[in-house]
Number of protein chains: 2
Amino acid sequence: MHTLAEENYLKAIYKLSLIAENVSTNQIAAELATKASSVTDMLRKLADKLLINYTRYQGVSLTQTGEKVAVNIIRRHRLWEYFLVEKLHFKWDEVHEMAEEMEHISSNELIDRLDEFMGFPTRDPHGDPIPDCNGNFKTNDLKAISTVDVNTCGIISGVRDHSSAFLQYLEKQGLTIGKKITIKEIITYDNTVVLQMNNKDLQISRDVANNLLIAL
Amino acid sequence: MHTLAEENYLKAIYKLSLIAENVSTNQIAAELATKASSVTDMLRKLADKLLINYTRYQGVSLTQTGEKVAVNIIRRHRLWEYFLVEKLHFKWDEVHEMAEEMEHISSNELIDRLDEFMGFPTRDPHGDPIPDCNGNFKTNDLKAISTVDVNTCGIISGVRDHSSAFLQYLEKQGLTIGKKITIKEIITYDNTVVLQMNNKDLQISRDVANNLLIAL
DNA sequence: TTGTATTTTTAGACAAGTCTAAAAAAATTA
DNA sequence: TAATTTTTTTAGACTTGTCTAAAAATACAA
Ligand SMILES: [Mn+2]
Ligand SMILES: [Mn+2]
Ligand SMILES: [Mn+2]
Ligand SMILES: [Mn+2]
């Protein structure tokens, strides 16, 4: 249906659209680690296929069709990640690169059966919602730890940084999805956050608190 | 490591090498439904990478490295087919095309974990042997039904034709892997073969008998 | 062994996707 | 508003993998 490159562009545009609805050439280039000139070439092709709205110099947005395709790729990505962690026992920091390849396997029948096989999971290993076979999913209503008040209590439910380094750090600290924590104190000097988890205190940096999301 | 096209060429050459050890340009072109000139171009690239032995006009054979790569792709293909049938409950005639895509997912760690997850199966849904993580596998010692004597008894263990049409026909007749059959008679007029299975008689054509393999 | 048919390779072109360098448009600053 | 900076697009080139048409090598047959 679509080439691998097209799928990756649509996914990147979708991701960037969540922040600002009109996406710039440079943003896409950064996201895909490619050059702006390459992006312009591809934008013309995607516009020809009616997958994006594009006028020169004006940035782009996905059409309804384009968004459907993008959400479907994200569905595949997250279902494969879930499979890799739950069935093949990979760690949550090991699965992203593999899923980047697997998300391009084209059969929807395959993905729907995989979904069924795993019991229709609604969250991937990083807490991100998995769209169902119609593309519907609940948007996360999560807050970065750095944004909540002292004495707030919540459940770790997602991450903003998906890098191995960050995920491995969290794993080591025991700060994994589902854990219940309380924000005890924010040290004014450097915004270090003091947490309580399992009756033990834990300090995390401002950076970590920015990238760790909780449900209240 | 290798491109998708390279992997497909290596697999095709491997497959053709099982029949005759030196493989011709035209044979590869037919196998991959491409043109001889495209094959020549690719052969040069594969030879440069020391994956095949190639001298102009002389046909090709795989180097040890090339064979390892090819066997690994076949391992992946057959493990994914097994997964699709055993875990996702696809039928044996539905899985080949999906496996053609999945075999190119590059992680060996993934494939080894998948192998373990499924209990290290040794045969794919079509009876073909699955190489282990070192590339070792037992070669099939199977005979086409058309080549065995009357009154021979054996177990259906493989197919020579992997087409949907053939597999669906076998399924319908109940002629699936593992079934025990006896060759009762060969009708001299048109070489129709009369089988007995579960105490019932069944007639299959010469063509079918040629493509259905049994272990004695 | 000489001529014909077949196979294989070469030559040249094309599409997809990428790049660098330069030009054009837009945004920012003075 | 005019000058400067930044962003985006265009121009032209390169790589991979494919194709058609023509040339070269090999195989087969008389
Ligand atoms: Mn991911
Ligand atoms: Mn994820
Ligand atoms: Mn197959
Ligand atoms: Mn098979």
Side-chain angles (χ1 to χ4, degrees), chain A residues 1-14 16-17 19-62 66 69-70 73 100-101 103-104 106, chain B residues 1-17 19-62 66 69-70 73 100-101 103-106:
Chain A
M1 194 66 197
H2 306 102
T3 68
L4 189 132
E6 281 170 1
E7 291 195 345
N8 285 335
Y9 273 90
L10 290 174
K11 195 167 50 122
I13 295 166
Y14 179 85
L16 294 166
S17 299
I19 308 161
E21 50 202 278
N22 231 42
V23 177
S24 77
T25 302
N26 266 357
Q27 284 175 311
I28 299 168
E31 177 70 26
L32 293 174
T34 185
K35 303 292 155 150
S37 55
S38 308
V39 174
T40 302
D41 287 346
M42 182 58 89
L43 293 184
R44 228 189 319 255
K45 289 173 200 166
L46 293 174
D48 286 351
K49 295 192 175 186
L50 306 177
L51 295 164
I52 60 171
N53 307 114
Y54 171 59
T55 30
R56 283 159 67 233
Y57 294 100
Q58 298 312 123
V60 296
S61 62
L62 292 173
V69 174
I73 298 162
E100 283 292 304
E101 291 183 57
E103 70 190 9
H104 301 290
S106 61
Chain B
M1 194 65 198
H2 306 102
T3 68
L4 188 134
E6 281 170 1
E7 291 195 346
N8 284 334
Y9 273 89
L10 291 173
K11 194 166 53 123
I13 295 167
Y14 179 85
K15 194 172 164 186
L16 294 165
S17 299
I19 308 161
E21 52 201 275
N22 231 42
V23 177
S24 77
T25 301
N26 267 356
Q27 285 177 307
I28 299 168
E31 177 71 25
L32 293 174
T34 184
K35 302 292 155 155
S37 55
S38 306
V39 173
T40 302
D41 286 345
M42 182 57 90
L43 293 184
R44 227 190 318 259
K45 288 174 199 165
L46 294 173
D48 285 351
K49 294 192 176 185
L50 305 176
L51 295 164
I52 59 171
N53 307 113
Y54 171 58
T55 32
R56 282 159 69 231
Y57 293 102
Q58 297 314 122
V60 297
S61 63
L62 294 172
V69 175
I73 299 162
E100 283 292 304
E101 290 183 57
E103 72 190 7
H104 302 290
I105 305 295
S106 61

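Labels below follow one simple rule: chain letters A, B, ... track the order of the sequence lines, proteins then strands, and each chain is numbered from 1. What's counted below: heavy atoms across the whole structure, side chains too, no hydrogens, waters or symmetry copies.
- For the pair A/Asn22 CG and C/dA27 C1', the computed distance is 16 Å after rounding to whole Å.
- Using a 4.0 Å heavy-atom cutoff across all strands shown, B/Thr40 reaches at least one base atom of the nucleic acid.
- For the pair A/Thr34 and C/dC19, the criterion of a side-chain N or O lying under 4.0 Å from OP1 or OP2 is met.
- Distance, B/Asp41 CG to C/dA15 C1': 15 Å, rounded to whole Å.
- Look at CD1 on B/Ile28: it is 15 Å from P on D/dG17, rounded to the nearest Å.
- OP1 or OP2 of C/dC19 sits under 4.0 Å from a side-chain N or O of A/Ser38.
- A distance of 9.0 Å separates CD of B/Glu101 from CG of B/Leu4, quoted to the nearest 0.5 Å.
- Put simply, the residue from A/Val23, A/Val60, A/Leu51, A/Asp48 that forms a side-chain contact (heavy atoms from CB on, under 4.5 Å) with A/Leu43 is A/Val60.
- A 4.5 Å side-chain heavy-atom check between A/Leu32 and A/Val39 finds every atom pair outside the cut-off.
- Listed pair A/Arg44 / D/dT9 fails the phosphate criterion, with no side-chain N or O lying under 4.0 Å from OP1 or OP2.
- Note on A/Asn26: a side-chain N or O is less than 4.0 Å away from OP1 or OP2 of D/dT8.
- Residue B/Lys45 places at least one side-chain N or O closer than 4.0 Å to OP1 or OP2 of D/dG17.
- Atom P of nucleotide C/dT10 and atom CG of B/Leu43 are separated by 11 Å, given to the nearest angstrom.
- Closest of all the heavy-atom pairs between B/Leu46 and B/Glu6 is CD2-CG, 3.8 Å.
- A donor-acceptor contact under 3.5 angstrom links the side-chain atoms of B/Ser37 to the base of D/dT20.
- Among D/dG17, C/dC19, D/dT8, the nucleotide with an atom closest to any side-chain atom of B/Ala5 is D/dG17.
- Close to D/dA23, at under 4.0 Å from its OP1 or OP2, lies no side-chain N or O of B/Tyr57.
- In this structure, CG of A/Leu4 is placed 17 Å from P of D/dT16, rounded to the nearest angstrom.
- Computed from coordinates, the A/Gln27 CD to D/dT9 C1' distance equals 17 Å when rounded to whole Å.
- Distance CG (A/Leu32) to P (C/dA16): 19 Å, rounded to an integer number of Å.
- When each of C/dG17, D/dT8, C/dA26 is scored by its nearest atom to the side-chain atoms of A/Gln58, the top-ranked nucleotide is C/dA26.
- In this structure, A/Leu10 atom CG and C/dG17 atom P are separated by 11 Å, rounded to whole Å.
- Comparing A/Ala33 and A/Arg56 by the nucleotide of DNA chain C whose heavy atom lies nearest to each, the residue mapping closer to the 5' end is A/Ala33.
- For B/Lys35, a side-chain nitrogen or oxygen approaches OP1 or OP2 of D/dT20 to under 4.0 Å.
- At least one side-chain heavy atom of B/Glu100 sits less than 4.5 Å from a side-chain heavy atom of B/Lys11.
- To the nearest 0.5 Å, atoms NZ (A/Lys49) and CE (A/Met1) are separated by 8.5 Å.
- Proximity of B/Tyr54 to the phosphate of C/dT9: a side-chain N or O atom is located under 4.0 Å from OP1 or OP2.
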